[in-house]
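Each remark here refers to the structure printed beneath this line.
Chain A is the first sequence line, chain B the second, and so forth, proteins listed ahead of strands; every chain is numbered from 1.
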Amino acid sequence: MATHFTPSQAHAASHKAAHHHSASAAAAVTATATARLHASAPPASASAAAAALCPPHLLAAASPASSSSAACPPAHNPIFVGPGAPWVQQPQRAAAAAAALGPEFRRTRTTRTISKRTRGGGGSAGAQDRGRVSSAAAGRCVNKLLRVGPEDRRALGAALSSFRGELVAPEDYYQVLRELGDRDKSAYRAFEVFYAALPLVGGGAVEKGKLLTATIGALGKMGRPDLARRAFDTGIAGGYGNTVFAHSALISAYARSGLATEAMGVLELMKGAGLRPTTVSYNAVIDACGKGGVDLTFTLGYFRQMLHDGLCPDRKTFNSLLAACSRAGHLEDARAVFDEMIHLGSGRDIYTYNTFVDAICKCGNMELAMQVVLDMEANNVNPNVVTYSTLMDGFSKLEKYDEALKLRGKMKSLGIQLDRVCYNTLLAIYVKTGKYDEIATACEEMESLGIEKDTVTYNSLINGYGKQGRLDMVAFLVQDMRAQGVAPSVLTYSTLIDIYSKAGMHGDAFNVYLDFKESGLKADVVLFSSFIDTLAKNGLVECALSLLDEMMRMGIKPNVVTYNTIIDAFGKSKILTEEDPEIGDMGIVGVYCGQIVRSANPATRGGRSAIDVRMRGSQELFFILELFQKMVQQGVRPNVVTFSAILNACSRCNSFEDAALLLEQLRLFDNFVYGVAYGLLMGHQEVWSQARSLFNQLGRMDSPTSSAFYNALTDVLWHFGQRQGAQQVVLEGVNRRVWENTWSEFCLDLHLMSCGAAQAMVHAWLLNVRSIVFEGRAMPEFLSILTGWGKHSKIAGSSTLRRVIEALLLSIGAPFQVERFNIGRFVSPSAVVAAWLRESGTINILLLRNERVQHANLSNLVPRLQALQL
DNA sequence: ATAGGGTTAG
């Protein structure tokens with residue numbers, strides 16, 4: 001049985017698979033939703049109806065309220081005064097100004113109209129006269145503040161003082177904070193305003209509380225929930241923070257960063273403080289749960305709780321719930337929420353539609369997505385820039401770039417202006433399709449529109465130019481990013497490490513890694529996995545392993561990708577010698593590796609005799625067997641890529657026994673795949689029916705995944721002398737179109753094949769040419785074999801395949817020559833090849849045979865395993 | 001208080 005060998009196991013479960021799945025899923029969704037609609041009578045009340053919406057098993061689930069222990073706030077709540085916070089302790093300075101404020105200025109006034117303003121855009125259309133004056137003052141104040149260095153307290157204070165005459169009501173300061181939240185990147189200014197305005201807004205706890213809420217909101221928008229928390233604690237300590245508003249704002253701040261646990265903790269905190277959470281509080285918690293990837297059942301528990309508290313869910317509740325469903329991948333539930341919202345008294349708005357469209361796009365069902373967009377137009381909800389960028393991204397994920405770009409034209413005709421996110425979506429498409437001219441144009445457009453690049457923009461561009469090998473542009477972008485004050489993210493570092501590693505610039509890559517460690521950003525698996533991968537691929541296996549150590553020490557669990565990467569590195573370690581030119585370029589990595597070599601692998605230090613190398617080989621074997629155990633222990637499930645990696649590792653073994661030892665690990669994971677690989681390796685003909693069934697399963701996977709497996713399997717067969725078996729596997733692959741464009745009668749394209757597969761293929765292809773010759777069919781003037789020349793290789797400067805094929809052609813005496821201006825292409829006049837093929841000895845050279853494998857059984861493995869104490 | 005964008009293995 002093939003427990004792990006299913007398409008869903010492949011990480012690249014891939015576009016095609018996802019697409020098919022979603023099409024049927026969507027049909028099912030529509031069906032259930034319709035059934036639901038017809039089955040349910042009009043609800044008596046919104047709450048009752050909402051309760052009905054929840055399936056009973058969800059409503060019966062444990063209430064999140066019962067788990068308050070998990071939701072407690074962090075233990076350390078430093079009061080927001082102290083040596084670590086230089087921007088505090090200055091409120092006295094502005095105290096006099098507060099006294100000067102006449103009572104006529106202390107009125108409450110709605111700030112609603114301006115609260116929805118988004119970054120850099122739009123005015124407050126419906127504001128009253130007085131509102132517009134102060135809103136303009138607040139805006140000018142913010143402009144002035146933004147021109148001051150964020151940490152220059154004196155200048156910030158001066159800037160604020162200069163507006164003292166214009167910013168008169170508390171609301172003016174709330175507004176300054178809101179605008180800072182929208183436009184500022186640094187949290188310092190918001191703090192400064194908070195402390196400066198505290199004495200200005202009057203002595204009342206109400207005003208201070210509002211100021212606090214605005215500050216928490218602003219910090220939340222800046223992605224600084226930690227600082228929002230500190231402000232909140234200050235408010236609590238000052239006696240004006242214990243409000244529903246401050247708590248809700250803090251929950252929302254956590255929600256923005258997807259910190260669900262913290263958000264839930266604050267909800268419990270407010271209950272404990274005797275405050276009754278409002279719909280706003282619950283909405284924010286549900287939002288946090290959705291973003292934080294909390295289990296949907298648990299999230300729905302909050303929904304149930306708010307009904308239980310007698311609160312009426314509103315449109316935003318449902319929108320957040322909808323987002324939670326779609327994030328969890330529960331399209332059916334999303335559809336249910338979407339369908340029933342109307343009946344529950346809250347109609348659908350642009351957020352509802354956009355969220356739903358996104359959920360559908362994420363499943364790859366673009367037809368349905370476009371249909372929903374038509375539906376929204378029919379319901380007088382006009383698609384906006386968000387709708388279009390969602391759709392563009394949807395097409396892009398399916399690699400339908402033309403469709404995506406068409407939408408841009410549509411936006412133009414509708415007069416919808418692209419915003420930053422939309423430009424980022426567009427740039428990502430240009431990067432993927434390699435349209436560098438368009439990238440430049442789009443950047444110029446952004447600039448002329450005053451749209452600033454953000455972290456996502458830079459990451460995209462750095463990745464794009466890195467892929468193109470434009471390291472000059474990469475360096476410029478990094479510099480520009482710093483100059484513009486755009487903070488790098490973990491992704492920025494991963495991308496840079498990847499670029500430099502793939503370029504063979506290990507010293508630079510390592511410096512980026514050091515920078516990253518200094519940045520204080522939270523490390524993630526991807527950063528480590530990709531770094532480990534490139535190091536290993538370039539022969540620096542020991543560095544890779546020590547990095548694995550380091551990541552585990554940091555508490556980051558390796559995932560399948562990490563494990564696959566390391567398995568794949570087995571046997572690739574480069575023997576470093578003093579003459580090796582690359583070692584000189586390694587700089588810090590060399591030193592770094594020196595440490596590892598000492599601690600983990602003394603055999604490789606000093607002279608590198610054959611014995612050392614052998615020892616290292618067996619140490620590697622030992623290590624990798626240990627690794628498999630770790631993988632099982634950590635509950636990481638292997639996938640097809642793991643199998644390919646194991647097979648590749650087998651190909652790099654010096655002895656069949658070592659390979660068998662590795663293959664044995666495969667058996668632990670999947671007996672069926674093991675059986676096929678083992679049978680083919682032993683030359684058992686009867687295994688072929690199973691092999692074909694395995695190939696059929698591979699056919700359901702995406703092309704890179706399956707071709708990698710064919711490559712790995714062929715390689716191991718070739719490596720251990722099962723040449724005819726290897727050729728049979730390759731031909732199966734060709735028949736199933738595993739390699740694109742590989743086989744044409746007069747031009748053989750090998751660039752997607754492994755060395756073993758390619759060699760087996762050359763034999764098969766030449767045999768076919770031979771039969772054409774003997775049939776007397778016409779041929780073109782030249783025959784050619786393409787190998788590529790390593791341009792797309794992940795190993796810097798490598799073109800192994802080219803060299804292997806060159807050697808093969810030489811050894812069999814095939815009269816092909818390297819083309820003068822394309823070293824990846826071998827050509828020969830057809831007449832010359834034909835003459836060679838007609839020679840009597842040629843056929844025997846071309847026919848492949850299985851070398852009899854002597855190592856007949858694996859029972860002699862047992863003592864070896866025991867010796868290794870595994 | 002709610003919507004869209006940028007990375008890893010073969």
Side-chain angles (χ1 to χ4, degrees), chain A residues 10-12 217 220 248-249 251-252 255-256 278-288 290-291 314-324 326 349-359 361-362 384-394 396 419-429 431 454-464 489-498 524-534 536-537 559-569 639-645 647-648 701-702 704-712 754 794:
Chain A
H11 159 78
S248 299
I251 294 174
S252 160
R256 280 175 197 281
T278 61
T279 302
V280 173
S281 325
Y282 276 111
N283 285 357
V285 170
I286 290 173
D287 187 40
K291 289 205 176 75
D314 61 11
R315 191 181 292 168
K316 286 173 184 168
T317 317
F318 289 116
N319 286 345
S320 293
L321 218 47
L322 186 63
S326 84
D349 62 7
I350 185 88
Y351 288 89
T352 319
Y353 278 106
N354 285 346
T355 307
F356 192 49
V357 167
D358 186 48
C361 285
K362 291 275 183 300
N384 62 7
V385 62
V386 177
T387 323
Y388 278 97
S389 38
T390 305
L391 290 171
M392 281 169 72
D393 189 58
S396 161
D419 65 1
R420 171 170 33 215
V421 175
C422 200
Y423 270 110
N424 286 343
T425 312
L426 193 66
L427 283 172
I429 292 172
V431 163
D454 65 0
T455 309
V456 176
T457 324
Y458 280 107
N459 288 349
S460 217
L461 293 173
I462 289 173
N463 179 43
S489 66
V490 184
L491 244 92
T492 319
Y493 289 104
S494 316
T495 308
L496 285 171
I497 289 174
D498 202 50
D524 73 347
V525 216
V526 176
L527 182 136
F528 278 104
S529 299
S530 75
F531 197 8
I532 288 172
D533 178 56
T534 43
K537 277 201 174 39
N559 63 16
V560 219
V561 177
T562 326
Y563 281 111
N564 290 347
T565 293
I566 296 170
I567 295 169
D568 196 63
N639 57 25
V640 209
V641 182
T642 319
F643 301 158
S644 301
L647 292 174
N648 279 329
M701 299 178 189
D702 59 302
T705 303
S706 68
S707 68
F709 188 86
Y710 276 92
N711 281 337
S754 62
K794 282 171 188 160

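Residue-level contact check: A:S489 touches the bases, meaning some heavy atom is under 4.0 Å from a base atom. If you check every strand for non-hydrogen atoms under 4.0 Å, A:V431 touches nothing. When heavy atoms are screened at a 4.0 angstrom cut-off, A:D498 is found touching no nucleic acid atom at all. Residue contacts for A:S530: at a heavy-atom cut-off of 4.0 Å it reaches the sugar-phosphate backbone alone, with no base atom in range. Nucleic acid contact class of A:C422 (heavy atoms, under 4.0 Å, all strands): base. Nucleic acid contact class of A:T455 (heavy atoms, under 4.0 Å, all strands): base. Within 4.0 Å of A:S389, counting heavy atoms only, lies at least one base atom of the nucleic acid. Within 4.0 Å of A:S494, counting heavy atoms only, lies at least one base atom of the nucleic acid.
Across the protein-nucleic acid pair, A:L527 atom CG and B:dT7 atom C1' stand 9 Å apart, rounded to whole Å. One can place CG of A:N283 at 9 Å from P of B:dT2, the figure rounded to the nearest angstrom.
Within the 4.0 Å cut-off from OP1 or OP2 of B:dT8, not a single side-chain nitrogen or oxygen of A:K537 is found. Between A:R256 and B:dA1, a side-chain N or O to OP1/OP2 separation shorter than 4.0 Å is absent.
Checking A:T642 against A:N639 by side-chain atom types alone, a donor-acceptor pair falls below 3.5 Å. A:D358 and A:T355 share no side-chain donor-acceptor pair at under 3.5 Å.
In the set B:dT2, B:dA1, B:dT7, B:dT7 carries the atom at the smallest distance from any side-chain atom of A:L491. The side chain of A:I350 has B:dA3 as its nearest neighbour among B:dT2, B:dA3, B:dG10. For A:V526, counting side-chain heavy atoms from C-beta on, the closest listed nucleotide (B:dA3, B:dT2, B:dT7) is B:dT7. Checking B:dA1, B:dT8, B:dG4 against every side-chain atom of A:V280, the shortest atom distance belongs to B:dA1. Of the candidates B:dG4, B:dG10, B:dT7, the closest approach to any side-chain atom of A:V385 belongs to B:dG4. Between B:dA1, B:dG4, B:dT8, one nucleotide has an atom nearer to the side chain of A:V561 than all others, and that is B:dT8. Closest approach to the A:D533 side chain among B:dT7, B:dG10, B:dA3 is made by B:dG10 (side chain taken as heavy atoms from C-beta onward). The side chain of A:N354 approaches B:dA3 more closely than any other nucleotide in the set B:dG10, B:dA3, B:dT2.
With hydrogens and angles ignored, a donor-acceptor pair closer than 3.5 Å exists between the side chain of A:T705 and the base of B:dG10. Interface remark: the A:S644 side chain does not form any donor-acceptor pair with the B:dG10 base, using a distance-only criterion of under 3.5 Å. Between the side chain of A:N711 and the base of B:dG10, no donor-acceptor pair under 3.5 Å is found. Side-chain atoms of A:N384 come within donor-acceptor range of the base of B:dA3, with a qualifying N/O pair under 3.5 Å.
Put simply, CG on A:N564 and CZ on A:F643 are 9.5 Å apart, with the number rounded to the nearest 0.5 Å.
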Could you walk me through whether A:T562 and A:T565 pass the side chain to side chain donor-acceptor pair (under 3.5 Å) test, one step at a time?
CA-CA 5 Å; A:T562 326; A:T565 293; over 6 Å; no
